[in-house]
**Q** 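Okay, here's the structure, questions in a sec.
In what follows, residues are counted from 1 in the order of the sequence shown.
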Amino acid sequence: MAERVEQEEIFSQVLRAGRRTYFFDVRATKANDYYLTVTESKKFTHDDGTFHYQKHKIYLYKEDFTDFHEMLKKATDYIITEKGDEVISERHQKDFKKEEPKTDTAEPKSAESFTDVSFDDI
């Protein structure tokens with residue numbers, strides 16, 4: 001089976017998002033028309049420190065751009081409307097540290113608790 005050779009990128013954008021990276025690459029068909037590939041690359045680290053990448057790719061052709069854009073906008077708008085901008089899944093990561101609300105429960109200090117310092121002492 002012959003290996004499929006990827007077309008050279010004509011235009012490329014990279015979005016790094018934590019351990020995921022998204023690649024938006026414009027490529028040309030054999031007829032020299034353009035299409036878009038979107039690749040998600042996730043880095044996985046093994047216990048021994050070695051790592052590998054897992055990639056998923058979609059191909060998007062011009063005839064689908066309008067509908068795709070519309071559906072993507074509707075879906076993302078729905079998520080923001082229903083759940084807001086907060087990224088709740090961050091709470092479930094191993095290294096997540098919840099910020100404790102700052103409360104000043106310490107009693108106000110009285111004037112007697114301060115040390116009297118003279119500038120002559122400095």
Side-chain angles (χ1 to χ4, degrees):
M1 182 165 135
E3 214 177 286
R4 183 170 180 240
V5 177
E6 287 289 334
Q7 300 291 331
E8 182 179 330
E9 289 100 14
I10 295 162
F11 176 83
S12 188
Q13 296 284 291
V14 177
L15 172 61
R16 297 192 197 306
R19 56 178 223 175
R20 291 183 310 270
T21 302
Y22 299 99
F23 300 92
F24 299 85
D25 299 313
V26 175
R27 301 172 187 267
T29 64
K30 289 180 184 178
N32 205 30
D33 200 2
Y34 291 169
Y35 66 97
L36 175 69
T37 63
V38 181
T39 307
E40 176 202 36
S41 178
K42 280 175 93 171
K43 183 177 183 177
F44 291 91
T45 306
H46 303 288
D47 292 338
D48 64 359
T50 62
F51 57 89
H52 74 279
Y53 292 95
Q54 187 177 55
K55 295 181 180 183
H56 298 95
K57 186 177 288 199
I58 65 167
Y59 295 83
L60 189 61
Y61 298 93
K62 286 192 318 187
E63 60 268 21
D64 301 323
F65 285 0
T66 302
D67 291 338
F68 186 90
H69 184 265
E70 183 180 316
M71 295 294 182
L72 179 63
K73 177 142 180 51
K74 283 182 182 178
T76 56
D77 287 350
Y78 176 82
I79 292 168
I80 299 301
T81 300
E82 293 295 315
K83 295 296 182 179
D85 288 354
E86 181 188 8
V87 181
I88 297 169
S89 61
E90 287 178 350
R91 295 181 191 167
H92 302 288
Q93 294 177 3
K94 287 187 269 184
D95 59 348
F96 177 75
K97 297 207 181 350
K98 183 177 179 181
E99 290 184 23
E100 295 296 326
K102 293 181 180 180
T103 56
D104 193 10
T105 57
E107 294 181 27
K109 297 189 180 210
S110 67
E112 291 98 31
S113 67
F114 291 101
T115 305
D116 189 19
V117 176
S118 169
F119 284 109
D120 295 334
D121 295 340
I122 297 179

**Q** Taking atom OH of Tyr61 and atom OG1 of Thr29, what is their separation to the nearest 0.5 Å?
**A** 8.5 Å
**Q** So with a 6.0 Å cut-off around CG of Asp85, is the heavy-atom count from everything else above 12?
**A** no
**Q** So do Ile58 and Phe68 actually touch side chain to side chain, heavy atoms under 4.5 Å?
**A** yes
**Q** Closest approach of Lys43 and Tyr53, non-hydrogen atoms and distance?
**A** CB-CE2, 3.6 Å
**Q** List the residues meeting side-chain contact (heavy atoms from CB on, under 4.5 Å) with Lys42, not counting sequence neighbours, and say none if there are none.
**A** Arg19, Arg20, Glu40, Phe44
**Q** For a quick test of reading the model, state the closest non-hydrogen atom pair linking Arg27 to Ile10 and the distance between them.
**A** C-CD1, 3.7 Å
**Q** ring-ring contact (aromatic ring centres under 6.0 Å, His included) with Tyr78: which residues, sequence neighbours excluded?
**A** none
**Q** Once you round to the nearest 0.5 Å, how far does NZ of Lys55 lie from OG1 of Thr39?
**A** 7.5 Å
**Q** First locate atom CG of Leu60, then atom OG1 of Thr37, and finally report the distance between them rounded to the nearest 0.5 Å.
**A** 10.0 Å
**Q** Nearest heavy-atom pair of Tyr22 and Ala17: which atoms, and what distance?
**A** CE1-CB, 4.2 Å
**Q** Just by modelled atom types, is the Asp77 backbone N or O under 3.5 Å from a matching donor or acceptor in the Thr81 side chain?
**A** yes
**Q** Are Leu72 and Ile79 connected in a single hydrophobic cluster, I mean Ile/Leu/Val/Met/Phe/Trp/Tyr linked by side-chain heavy atoms less than 4.5 Å apart?
**A** no
**Q** For Val14, which fellow cluster members are found when Ile, Leu, Val, Met, Phe, Trp and Tyr are connected by side-chain heavy-atom distances below 4.5 angstrom, either directly or through intermediates?
**A** Phe23
**Q** Going by the angle between their ring planes, with limits at 30° and 60°, are Tyr59 and Tyr35 parallel, tilted or perpendicular?
**A** tilted
**Q** When rounded to the nearest 0.5 angstrom, what distance separates NZ in Lys74 from CE in Met71?
**A** 5.5 Å
